[in-house]
J.: 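For reference, the structure I am asking about is given below.
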Amino acid sequence: MTDRNGTPAGNLRPKLKELLGRVSSRHSTDSEVWRQYALLYGDGHSLDPEDNEKAHQFLSKAHRCEVQTGGWDKDPALFKEVIRRAVSMGEVTISCSQKKTNPKEALQMLSSSRLSLRSLATKAKQMHTDVATGQVHAELQDGVAALEQLITELQELSGKLRDQSQ
């Protein structure tokens with residue numbers, strides 16, 4: 001995209017990164033700021049592995065901020081959205097960990113995400129399970145299943161890394 005002078009918008013990227021760096025330091029508990037910062041770095045889908053690392057860090061911070069705010073966990077629609085974003089973060093974790101040259105760093109990344117996702121899945125089951133049927137409410141079933149699948153995948157990748165390092 002170009003501006004009215006024909007200058008590519010990409011030329012503004014360094015300034016925008018600097019600006020979001022300042023905004024995120026002032027609003028460090030705002031998950032939306034961290035998500036936008038991750039988006040600026042390609043949302044974990046950049047061709048540059050360093051940008052993906054940064055995006056992963058920002059997505060992780062966004063997730064932590066999101067789950068620390070009050071009330072979201074009581075609203076199934078909000079919970080569903082938090083799960084969707086957490087699954088996306090987990091997928092970026094897998095992608096980034098596979099590009100790591102240091103197995104210990106990759107393991108740390110996988111473990112951290114796995115714990116966050118497991119905590120979210122547990123909370124969904126605790127707060128949104130039908131007492132009569134013992135099933136997670138229909139609205140969250142797919143999300144919880146996706147979380148559990150991702151947790152399994154993270155666990156398997158961690159196991160492979162541990163086997164390689166022994």
J.: Considering all heavy atoms of both residues, which atom of Ser31 and which atom of Ala62 are nearest to each other, and what is their separation?
T.: CB-O, 3.3 Å
J.: Strictly distance-based, threshold 3.5 Å: is any side-chain N or O of Asn52 a donor or acceptor partner for the main-chain N or O of Cys96?
T.: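 No, the answer is negative, given that no donor and acceptor are paired below the 3.5 Å cut-off.
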J.: To the nearest 0.5 Å, what is the distance between CG (Leu40) and CG (Asp51)?
T.: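 Answer for the CG-CG pair, Leu40 versus Asp51, is 8.5 Å.
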J.: Is Lys54 salt-bridged to Glu50, going by a charged N under 4.0 Å from an acidic O?
T.: no
J.: Of the non-hydrogen atoms in Thr7 and Asn11, which two are nearest, and what is the gap between them?
T.: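 Looking at all heavy atoms of both residues, the shortest contact is CG2-ND2, 3.3 Å.
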J.: Under the side chain to side chain donor-acceptor pair (under 3.5 Å) rule, collect the residues that match up with Ser158, sequence neighbours excluded.
T.: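 Scan of Ser158 (side chain to side chain donor-acceptor pair (under 3.5 Å), adjacent residues dropped) gives Arg114.
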J.: Leu147, Met127: one ILVMFWY side-chain cluster at the under-4.5 Å cut-off?
T.: no
J.: Would you give the length of the straight line joining atom OH of Tyr41 to atom CD of Glu53, rounded to the nearest 0.5 angstrom?
T.: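 Rounded to the nearest 0.5 Å, the OH-CD separation comes out at 12.5 Å.
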J.: Rounded to the nearest 0.5 Å, how far apart are CE of Met1 and CG of Leu12?
T.: 11.5 Å
J.: Donor-acceptor pairs are to be reported for all side-chain atoms of residues 76-94 against protein atoms at under 3.5 Å, with residues two or more places apart or in another chain.
T.:
| from | atom 1 | to | atom 2 | distance (Å) |
| --- | --- | --- | --- | --- |
| Glu81 | OE1 | Arg84 | NE | 3.2 |
| Glu81 | OE2 | Arg84 | NE | 3.1 |
| Glu81 | OE2 | Arg84 | NH2 | 2.4 |
| Glu81 | OE2 | Arg85 | NH1 | 3.1 |
| Arg85 | NE | Glu66 | OE2 | 3.0 |
| Arg85 | NH2 | Glu66 | OE2 | 2.5 |
| Thr93 | OG1 | His56 | NE2 | 2.7 |
| Thr93 | OG1 | Met89 | O | 2.9 |
| Thr93 | OG1 | Ser113 | OG | 2.7 |

J.: State the CG-CG distance between Leu161 and Leu107, to the nearest 0.5 angstrom.
T.: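 These two atoms lie 5.0 Å from each other.
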J.: What pair of heavy atoms forms the shortest contact from Ser28 to Cys65, and how long is it?
T.: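 For Ser28 and Cys65, the tightest heavy-atom pair comes out as O-SG, 3.4 Å.
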J.: Keeping to residues at least two apart or across chains, list the salt bridge (charged side-chain N to carboxylate O under 4.0 Å, His left out) pairs with something in residues 135-148.
T.: Lys125-Glu148
J.: Identify the two heavy atoms, one from Ser97 and one from Leu110, that lie closest to each other, and give their separation to 0.1 Å.
T.: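 Scanning both residues completely, I find the closest heavy atoms to be OG-CD2, 3.4 Å.
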J.: If hydrophobic clusters are built from ILVMFWY residues whose side chains come within less than 4.5 Å, do Leu39 and Tyr37 share one?
T.: no
J.: Hey, could you give me each pair passing side-chain hydrogen bond (donor to acceptor under 3.5 Å, both in side chains) that has a residue in residues 101-111? Not counting sequence neighbours.
T.: Lys100-Glu105
J.: Which residue pairs pass the salt bridge (charged side-chain N to carboxylate O under 4.0 Å, His left out) test with at least one member in residues 151-161, sequence neighbours excluded?
T.: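 Non-adjacent pairs meeting salt bridge (charged side-chain N to carboxylate O under 4.0 Å, His left out): zero.
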J.: Check whether any side-chain heavy atom of Val67 lies under 4.5 Å from a side-chain heavy atom of His63, and answer yes or no.
T.: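 Yes, at least one pair of side-chain atoms sits under 4.5 Å.
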J.: Using atom types as modelled and distance alone, determine if a side-chain donor or acceptor of Asp43 lies under 3.5 Å from a backbone N or O of His45.
T.: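 Between the backbone of His45 and the side chain of Asp43 there is no qualifying donor-acceptor contact (under 3.5 Å).
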J.: Closer than 3.5 angstrom, by distance alone: can the side chain of Ser112 be matched with the main-chain N or O of Met109 as a donor-acceptor pair?
T.: no
J.: Nearest 0.5 Å please: distance from the CD atom of Gln68 over to the OG1 atom of Thr29.
T.: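 Interatomic distance, Gln68 CD to Thr29 OG1, rounded to 0.5 Å: 9.0 Å.
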J.: Which distance, rounded to the nearest 0.5 Å, do you find between the CH2 of Trp34 and the CZ of Phe58?
T.: 6.0 Å
J.: State which residues pass salt bridge (charged side-chain N to carboxylate O under 4.0 Å, His left out) with Asp73; sequence neighbours excluded, sorted by chain then number.
T.: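 So Asp73 forms a salt bridge (charged side-chain N to carboxylate O under 4.0 Å, His left out) with Lys123.
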